[in-house]
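In what follows, chains are A, B, ... by sequence order, proteins preceding strands, each numbered from 1.
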Amino acid sequence: MTVVTRFAPSPTGYLHIGGARTALFCWLYARAKGGKFLLRIEDTDKERSTQAAVDAILDGLNWLGLGGDGEPVLQSTRAGRHAEVAHELVKRGAAYHCPVPAEELQARRDEAEALQKKKAAEGSLSDAEQARMADLLKPFRSPWRDPAKALPEGAPTVVRLRMPDAGELTVSDHVQGTVSRSYADLDELILLRSDGTPTYMLAVVVDDHDMGVTHVIRGDDHFLNTFRQLPIYHGMGWAQPEYSHVPLIHGPDGKKLAKRTNAVAVDVYRDELGYLPEAMRNYLLRLGWSHGDDEIISDAQAIEWFDLDGLNKAPARLDFVKLDSVNKHYMALADDQRVFDLWAARPEAAGLSADETARIRDAIGHLKTRAANIVGLGEQAKFLTNIRPIQLSGKAADQVNAEAKARLAALLPGLEGLTDWSEPVIKDEIARFCSANGIGMGKIGPALRAVLTGGAPAPDIALVLALLGRNEAFARIRDHAQAAA
RNA sequence: GGUCCCUUCGUCUAUCGGUUAGGACAUCUGGUUUUCAACCAGGGAAGAGGGGUUCGACUCCCCUAGGGACUGCCA
């Protein structure tokens, strides 16, 4: 049997970081088993679905390298098929028409909520109220589930799934384990609305079946939905897929991710935080899944090792410090031109001169190993921008005293005399200068660094000189060098 | 209110009845050093609480606490 997985987001916004991880698991499992990974856009809610959201989600998936096999299926195009299945279910007795109006259902919920509020406020309820509330809170059972009860003439109806009267349903989930619920605790969900359109519960099952999905891997907020959807498979006599409900991702505070306070949308990780997709894959994979003590896991290894049973049940918290360290690893490995292009696309890069940009381009191989992400790369590149005249403050100013100024002045001619402006040659010249004057590196290094970088983070001093280029380097030194009186 | 799920260092996790409870990130100390980063050496840091079962429990069972999901003619 060929494994088929799918990722089925509803296009109401952006690609959620938790969704991205779920997609990663689906993608990995399909790859691991030599199967297919399909995409489906659950756009049955016309009010909330937008094309912009579809594009944003697909864009996010592509960025992460999690494209689907084949074109995404638009659920809205399949409404006819969904309805067809609903009617077949009615024919088979697994579903029935129900004329209870939406307002009546809403009134039940409102009354239940009012009683709950009253109980919370007053501490207790009368026996009658308590009984009424318990009854209201029980799964709704329509009088029309009885096939003998005649439908009122001309009344609009919904199609409801029929739950068995007794017994329980057991789900064997790769993550959640074996869990049972009795049918009495399950509501008889609406399959077809009174306007004839399908609901999500129906659409998911029909599409999964028709698309040949063998493994449903989704967020565990859907776990209880499984119990409501399974009877549809049973009613149609379809083989049910295997389920894996993965826990949601929480924020650093342990609470559910909230857009207001957390980075939730995947494009934020790319555009604002400056992370690499391969680092995101590695980090996300390790959030809730592990392979012994392995931390840095390549895509090839991930595909080889990934296994549904290795997933954890508990939600994991996002840790940006760890993400940084993973990303740092991949930054160092990344192609120079690629890293440069990513940096150059950022708004901070736009304001720089051609000169500054060229310096950074030449230095990118060194810079990329020093930063945790593309934003940090900008920090590491600061010393290469036109920061003259360099303001010396605090520790840097202390380093550049009269004695140091004189040394800098003395160092200059030797540097100016170099015909080859490269790091090793510069390094040699500084070493020669030190030994010729009988001083250690410590007597010239700190001051030289101070006047060259103003205290900004920077690599080895000879490399700094090389990367700045002779003109800029000399200018920065001259700004502070002063021959001894 | 009901049903279901979760709980190991600060964080992600290993452990699948017998370990000095391991690793990673972070942190602290020391070293190296011209800054930062890196690197090297070392340290501290955990089984939510309470009951059982067992020769033996982080691991199995129960209760409590805390957290979460579902309970829509939303998805």
Review point. Does A/R162 pair with A/E188 as a salt bridge, N-O distance under 4.0 Å?
Key: no
Practice item. Would you indicate what A/V179 reaches in the nucleic acid, counting non-hydrogen atoms under 4.0 angstrom: base, sugar-phosphate, or nothing? Key: sugar-phosphate
Practice item. To the nearest Å, give me how far apart OH (A/Y243) and C1' (B/A69) are. Key: 17 Å
Review point. Just checking A/M133: base, sugar-phosphate only, or nothing, at a heavy-atom cut-off of under 4.0 Å?
Key: sugar-phosphate
Point to revise | Of the listed nucleotides B/C4, B/G23, B/A75, the one nearest the side chain of A/F223 | key: B/C4
Point to revise | Touch class at under 4.0 angstrom, heavy-atom based, for A/S49 against every strand present | key: nothing
Point to revise | A/Y200-A/N225 side chain donor-acceptor pair, cut-off 3.5 Å | key: no
Exercise for review: Go ahead and name the base partner of B/U8; Watson-Crick or wobble counts if both distances stay under 3.5 Å, otherwise write none.
Suggested key: none
Check your understanding: When all nucleic acid strands are considered with a 4.0 Å heavy-atom cut-off, which category describes A/P101: base, sugar-phosphate, or nothing?
Key -> base
Revision key, fill the gap. Among B/C73, B/U34, B/G23, the one nearest any side-chain atom of A/I461 is B/U34
Practice item. Indicate, with a heavy-atom threshold strictly under 4.0 Å, whether A/H222 touches base, sugar-phosphate, or nothing. Key: base
Practice item. Decide yes or no, distance alone: a donor-acceptor N/O pair under 3.5 angstrom between the base of B/G72 and the side-chain of A/Q106. Key: no
Review point. Is there side-chain contact between A/K328 and A/N373, with heavy atoms separated by less than 4.5 Å?
Key: no
Check your understanding: Do A/E379 and A/P457 come within less than 4.5 Å of each other through their side chains, counting heavy atoms only?
Key -> no
Exercise for review: Using a 4.0 Å heavy-atom cut-off across all strands, classify A/E295 as base, sugar-phosphate, or nothing.
Suggested key: base
Review point. Between A/K117 and A/E113, is the closest basic N to carboxylate O distance under 4.0 Å?
Key: yes
Exercise for review: Remember a base hit wins even if backbone is also touched, and classify A/G254 as base, sugar-phosphate or nothing at under 4.0 Å, heavy atoms.
Suggested key: nothing
Point to revise | Stepwise salt bridge (Lys or Arg N to Asp or Glu O under 4.0 Å) check, A/D210 with A/R78 | key: CA-CA 10 Å; A/D210 288 358; A/R78 298 180 36 81; 2.6 Å; yes
Practice item. Compute the ring centroids of A/F306 and A/W289, then answer whether they are less than 6.0 Å apart. Key: yes
Check your understanding: In whole angstroms, how far is the P atom of B/C70 from the OH atom of A/Y183?
Key -> 22 Å
Review point. Charged N to carboxylate O below 4.0 Å: is that the case for A/R40 and A/E42?
Key: yes
Check your understanding: In Watson-Crick or G-U wobble terms, both distances under 3.5 Å, what is the partner of B/C55?
Key -> B/G18
Exercise for review: Please tell me which of the listed nucleotides, B/C12, B/C73, B/A75, lies nearest to the side chain of A/E42?
Suggested key: B/A75
Review point. Quick one: which of B/A14, B/U11, B/C12 gets closest to the side chain of A/S290?
Key: B/A14
Check your understanding: What is the pairing partner of B/A41, taking Watson-Crick or G-U wobble pairs with both distances under 3.5 Å in any strand?
Key -> B/U29
Check your understanding: Hey, does the side-chain of A/K322 have a donor or acceptor N/O within less than 3.5 Å of a partner on the base of B/A24?
Key -> yes
Exercise for review: Mind calculating the distance between NZ (A/K368) and C1' (B/A38) to the nearest angstrom?
Suggested key: 15 Å
Exercise for review: Report yes if a side-chain nitrogen or oxygen of A/S194 is closer than 4.0 Å to either non-bridging phosphate oxygen (OP1 or OP2) of B/C73; otherwise report no.
Suggested key: no
**Study point:** Watson-Crick/G-U partner (both atom distances under 3.5 Å) of B/U35
**Key:** none
**Study point:** Nucleotide nearest A/R449 (side chain, heavy atoms from C-beta), chosen from B/A75, B/U35, B/C25
**Key:** B/U35
Point to revise | Proximity to the side chain of A/V321 - top-ranked nucleotide from B/U34, B/U3, B/C25 | key: B/C25
Point to revise | Rounded distance in Å between the P positions of B/U29 and B/C62 | key: 47 Å
Practice item. Choose from B/A69, B/U71, B/U34 the nucleotide whose nearest atom is closest to any side-chain atom of A/D187. Key: B/U71
Review point. What is the distance, rounded to the nearest whole Å, between atom CG of A/L323 and atom C1' of B/U13?
Key: 16 Å
Check your understanding: Under the 3.5 Å rule, do the base of B/G22 and the side chain of A/D293 count as making a donor-acceptor pair?
Key -> yes
Review point. Using atom P of each nucleotide, how far apart are B/U8 and B/G2 to the nearest Å?
Key: 26 Å
Check your understanding: Rounded to whole angstrom units, what separation is found between the CG atom of A/L230 and the C1' atom of B/C4?
Key -> 15 Å
Point to revise | A/L248 side-chain proximity, nearest of B/C25, B/A69, B/C73 | key: B/A69
Practice item. Please figure out whether A/Q380 or A/A314 has its closest RNA chain B nucleotide nearer the 5' end. Key: A/A314
Review point. Any donor-acceptor pair under 3.5 Å between the side chain of A/T199 and the base of B/C73?
Key: no
Check your understanding: In whole Å, what separates the P atom of B/C58 from that of B/G22?
Key -> 14 Å
Check your understanding: Distance check: side-chain N/O of A/N312 vs OP1/OP2 of B/A14, anything under 4.0 Å?
Key -> yes
**Study point:** Given B/A69, B/G72, B/U34, the nucleotide with the shortest approach to the side chain of A/K256
**Key:** B/A69
Check your understanding: Quantified in whole Å, what is the C1' atom distance between nucleotide B/C9 and nucleotide B/C40?
Key -> 24 Å
Review point. On a whole-Å scale, what distance lies between the C1' atoms belonging to B/C61 and B/U53?
Key: 7 Å
Check your understanding: Counting side-chain heavy atoms from CB outward, which of B/U34, B/C73, B/U3 is closest to A/P446?
Key -> B/U34
Practice item. For A/R317, answer base if it contacts any base atom (sugar-phosphate contacts may also be present), sugar-phosphate if it contacts only those atoms, and nothing otherwise; contact means non-hydrogen atoms under 4.0 Å. Key: sugar-phosphate
Exercise for review: Could you measure between the two P atoms, the one in B/G30 and the one in B/U35, and give it in whole Å?
Suggested key: 16 Å
Revision key, fill the gap. In this structure, CZ of A/F474 is separated from CG of A/L412 (nearest 0.5 Å) by 6.5 Å
Review point. Any N or O donor-acceptor pair linking the side chain of A/R48 to the base of B/C74 at under 3.5 Å?
Key: yes
Exercise for review: Scan A/D324 against the nucleic acid and name what it touches under 4.0 Å (heavy atoms): base, sugar-phosphate only, or nothing.
Suggested key: nothing
Check your understanding: Under 4.0 angstrom, heavy atoms only, what part of the nucleic acid is A/P459 near: base, sugar-phosphate, or nothing?
Key -> base
Point to revise | Span that lies between the C1' atom of B/U7 and that of B/G50, in whole angstrom | key: 15 Å
Check your understanding: Using a cut-off of less than 4.0 Å, is there contact between a side-chain N or O of A/R228 and OP1 or OP2 of B/U71?
Key -> yes
Review point. Salt bridge check: are A/K427 and A/D460 linked by an N-O gap of less than 4.0 Å?
Key: yes
Review point. Looking across every strand, which nucleic acid part, if any, lies under 4.0 Å from A/V159 by heavy atom: base, sugar-phosphate, or nothing?
Key: nothing
Exercise for review: Would you mind classifying the nucleic acid contact of A/Q116 as base, sugar-phosphate or nothing, using non-hydrogen atoms under 4.0 angstrom?
Suggested key: base
Practice item. Round to the nearest Å and state the distance from A/D110 atom CG to B/G72 atom P. Key: 11 Å
Exercise for review: With heavy atoms under 4.0 Å as the rule, sort A/K328 into base, sugar-phosphate or nothing.
Suggested key: sugar-phosphate
Check your understanding: Looking across every strand, which nucleic acid part, if any, lies under 4.0 Å from A/A134 by heavy atom: base, sugar-phosphate, or nothing?
Key -> nothing
Review point. When you check the phosphate oxygens OP1 and OP2 of B/A75, does a side-chain N or O of A/R193 lie under 4.0 Å from one of them?
Key: yes
Point to revise | 5' priority, RNA chain B, between A/K119 and A/D43 [closest heavy atom] | key: A/K119
Point to revise | Atom C1', compared across B/A26 and B/U11: separation rounded to whole Å | key: 8 Å
